[in-house]
Amino acid sequence: MMLIDLGGGSCEVTLSERKRIRETISLPLGAVRLTGEFLDADPAQADGLARMRQLILRELRRAHRKIEPAGVKLAIATSGTAAALSDACLAAGKSASQRAGKSARERAAVRRWLG
């Protein structure tokens, strides 16, 4: 099982196996931190978004190497930020599939995958 606690300043990822913590890592990927560091205008500027994406990808690669999440059967994300991201992904998935003319069955598959 993987537990992801996405806060304002950081994101903690904990991998457990058979009721024991196997690995944990803290990433500097909190919502408030990223906003303050990269998104100083509204709407966000392309260069800030690009730099933020680079940091996120770099940190996720580092976490993936340390955690090695292959075989994880369950992932749980906690926090208001995680809930907001889940809602946004679900809405984006619905919108994208509807715009693409996907069938009801395909939209249902997207919803199951997202959440």
Worksheet item: Can you name the closest pair of heavy atoms from Arg33 and Pro28 and give their distance?
Response: NH1-CB, 3.1 Å
Item to complete: Grab the two heavy atoms, one from Leu6 and one from Ala82, that are nearest each other, plus how far apart they are.
Response: CD2-N, 4.4 Å
Scan the side chains in residues 67-78 for donor-acceptor partners under 3.5 Å anywhere in the protein, sequence neighbours excluded, and list what turns up.
| unit_1 | atom_1 | unit_2 | atom_2 | d |
| --- | --- | --- | --- | --- |
| Thr78 | OG1 | Asp5 | OD1 | 3.2 |

Worksheet item: Thr14 versus Ile25: any side-chain heavy-atom pair under 4.5 Å?
Response: no
Item to complete: Taking the side chain as every heavy atom from C-beta outward, state whether Val13 and Leu27 have any pair of such atoms under 4.5 Å apart.
Response: yes
Practice prompt. Look at the side chain of Lys66 and the backbone N and O of Thr24, then say whether any donor-acceptor pair between them is shorter than 3.5 Å.
Written response: yes
Worksheet item: When rounded to the nearest 0.5 angstrom, what distance separates CZ in Arg53 from CZ in Phe38?
Response: 12.0 Å
Worksheet item: Any side-chain heavy atom of Leu49 within less than 4.5 Å of one from Leu39?
Response: yes
Worksheet item: Taking side chain as C-beta onward, heavy atoms only, is Glu59 less than 4.5 Å from Leu55?
Response: yes
Worksheet entry | Cluster link Ile4 to Leu60, ILVMFWY, side chain under 4.5 Å | yes
Worksheet item: Are Ser16 and Leu3 side-chain neighbours, meaning at least one heavy-atom pair lies under 4.5 Å?
Response: no
Discussion item. Under the rule for salt bridge (charged side-chain N to carboxylate O under 4.0 Å, His left out), what residues qualify as partners of Glu17, not counting sequence neighbours?
Written reply: Arg22
Practice prompt. With sequence neighbours excluded, tell me which residues meet side-chain contact (heavy atoms from CB on, under 4.5 Å) with Ser10.
Written response: Glu12, Ser26
